[in-house]
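Structure record follows, encoded as structure tokens.
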Amino acid sequence: MILEEQLLQVKNLNIIFPSPKGDVHAVKNISFSLGKEKIGIVGESGSGKSVTGRSILRLLPPYAKISADKISFKGQDLLSLSEKQMRKIRGREVSMVMQDPKYSLNPVRTVGKQISEAYIVHRKATKQEAKEHTLKMLEAVRIRNPEQVYRLYPHEVSGGMGQRIMIAMMLIPDPSLLIADEPTSALDVTVQLQVLAILDDLVSQRGMGLIFISHDLELVSSFCDRIIIMYGGRIMEVVNAADLHKSTHPYTRGLLNCLPRIEGGNERLSTLVRDDAWLDADFSAPSVTVSG
Amino acid sequence: MVQFLTKKRFKKATTQTLQLIAIVLITFLGLLLITFLIGRVVPIDPVLAVVGDKASSEVYERARIAMGLHLPLWQQFFIYLSSVLRGDLGTSVLTAKPVLDDIFRVFPATMELAFLATLFGVFVGIPLGVLSAVKRGGLLDHISRVVGLLGYSLPIFWLALLALIVFYAKFDLLPGPGRVDIFYEGIVDPITGFMLIDCILARDWEVFRNALSHLIMPATLLGYYSMAYLSRMTRSFMIEQLRQEYILTARVKGVAEWKVIWGHALGNCSIPLITVIALSFGTLLEGSVLTETIFAWPGLGLYLTNSLLNADMNSVLGSTIVVGSIFLAVNLFSDFLYKVMDPRAR
């Protein structure tokens, strides 16, 4: 999958959180772009991957300082949009699935109402039309009894179903880019793959772009086209998923080496080595070229 | 399966209700016991209050036996208990009428005041709390904090006197004490006892206006306290809710910010707020004693004060029981509403 059509272009993104103990530079000079493809962002906790996702939607807390040469979505510069214009982007063009449906769904509204709301916000639709679309969308995320689930409250559904509801809610206005921020980390291993399969199918069917944020390198490499590897707020490297095992970057190698393998022997797993020198090296611009 | 579920749910609801009723009964019994004991402990001789201090010792003794005061304390309590349960709170020495009749007569005035005060508290306090939570550390937040602090710390009788001096005596913007001006009194039939409702029933708009203008000052003053309390509580509930992730979800969907705040976040606050509103309403019913005294408002508070000053113990204890029962009822009602509103508690 080659960049036939640029969806998103990020150039020299910096995110700073001011704090009394000094500024925290959460993201430093990162650049990447994506088309209608699946791109994974992998990194440890605090590497800046979630913050990067949220900055695209401009939904960081108001005290966060975002600066970039460019964050353009379909040619529109997101940083220069007004809050009102930005609301037309959110949900309608770019939306986001978060980690734990237990917290990301409103506890006192029915599932159906919450999904319908996402539709009504962007379409001039009556409640009845929104309901019909919601039921169809629930079916699309493979919920067998949508009429019944429509009336449930979030505490009455399981984690896996909650996340499917979340996906339905985020896809119902038909956005062209979905940011999935650790969408399976809070789920049981057994349902993780189900949810991933649904996400994968829907994204491919609809020809959307996907940014998949995760700390699970193996999962991302089996699922995405390209992988961005982040460390300390910086992009370490960008690799094609197929070439992941050929990567030579010491950090990527470190991440790969600390994973256990079934066919491997019983030798001790290596611990992750971190080198602050990587942070100063300039990986920002050139390495994003994609072969193939 | 479905049938089994509903059966189970029904059973759960019944046990919960039964538990609640048991708790209420025990609390009510405790309330009666305490009022009874207070009545025996205070250094007021109930016999003397009836027969007067010039009565002979035979008359005194006869009255004492007639009132059952020669019996052991526990027997007295059961006699008291059974008469209260029959709705007999004794006779007021001051008005020579059954205490319950007296209370029915004066209570609507208090209720009217507390209701309007709560309305004021809700419609000013909650928006104030929401706005100061949204713009934390902003000008409005600071103003509402100072206003709230004053509301907590200034004694109401002092504020009430000050308000009377300024708005009534000095500038004559609002009428003084009483429910209506003296020449409007007795025009409207007290059908419900609520002056405003009675005026509407009688279609007497002149008295209605007058009664309303009389209500403004005491209701706002009482409401000021509930507003101070409600705005602080709303603020902290809102700050808590705005931090939750479902708020981020709503923003990701592209929902307008005012809908996120007033719909999603406040919607989740409304459940704990019900309890707070109910409690502050209950507090207003008792807290109106001082306000009613200053505004000569013929409600339960004034009745209680007059009874106390005249050593009319039956009326004092009767009023105490009534206020206590209302507090219980308000709590019960808020528990019930909680169950209806919160899908997780159903």
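Chain identifiers are assigned alphabetically (A, B, ...) following the order of the sequence lines, protein sequences preceding nucleic acid strands; residue numbering begins at 1 within each chain.
For OH of A:Tyr103, the number of neighbouring non-hydrogen atoms (other residues, nucleotides, ligands) closer than 6.0 Å is 12 at most. The environment of CZ in B:Phe115 is sparse: at most 12 heavy-atom neighbours from other residues, nucleotides or ligands sit within 6.0 Å. More than 12 heavy atoms of other residues, nucleotides or ligands sit less than 6.0 Å from atom NZ of A:Lys131. In the displayed structure, B:Tyr152 atom OH is contacted under 6.0 Å by more than 12 heavy atoms of other residues, nucleotides or ligands.
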Q: Test side-chain contact (heavy atoms from CB on, under 4.5 Å) on B:Glu245 and A:Lys102 and set out the steps.
A: CA-CA 9 Å; B:Glu245 206 166 64; A:Lys102 225 183 287 152; over 6 Å; no

Q: Kindly determine whether A:Leu57 and B:Arg251 satisfy side-chain contact (heavy atoms from CB on, under 4.5 Å), including the steps that lead there.
A: CA-CA 9 Å; A:Leu57 283 160; B:Arg251 287 183 180 142; over 6 Å; no

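Among the candidates A:Val97, A:Val108, A:Ile89, the residue making the largest number of heavy-atom pairs closer than 4.5 Å to chain B is A:Val108. With chain B as partner, the option from A:Glu83, A:Met86, A:Arg54 having the largest number of non-hydrogen pairs under 4.5 angstrom is A:Arg54. Counting heavy-atom pairs closer than 4.5 Å to chain B, the top residue among A:Arg87, A:Met170, A:Gln99 is A:Arg87. Of the listed residues (B:Arg344, B:Met341, B:Lys259, B:Gln244), the one with the most heavy-atom contacts under 4.5 Å to chain A is B:Arg344.
Only the side chain of A:Tyr153 comes within contact range of chain B, judged by heavy atoms closer than 4.5 Å. Residue B:Ala256 touches chain A through both its backbone and its side chain, counting heavy-atom pairs closer than 4.5 Å.
Between the side chain of B:Lys253 and the backbone N or O of A:Ile115, no donor-acceptor pair lies under 3.5 Å. Looking at A:Ser104, its side chain never comes within 3.5 Å of a backbone N or O of B:Thr249 through a donor-acceptor pair.
Once rounded to the nearest 0.5 Å, the distance linking CD1 of B:Ile247 with CG of A:Leu59 reads 12.0 Å.
When all heavy atoms of B:Pro343 and A:Pro107 are compared, the closest pair comes out as CG-O, 3.6 Å. What you find for A:Met96 and B:Val252 is that their closest heavy atoms are N-CG1, 3.4 Å.
Judged by distance alone, the side chains of B:His264 and A:Glu117 do bring a donor and an acceptor atom under 3.5 Å apart.
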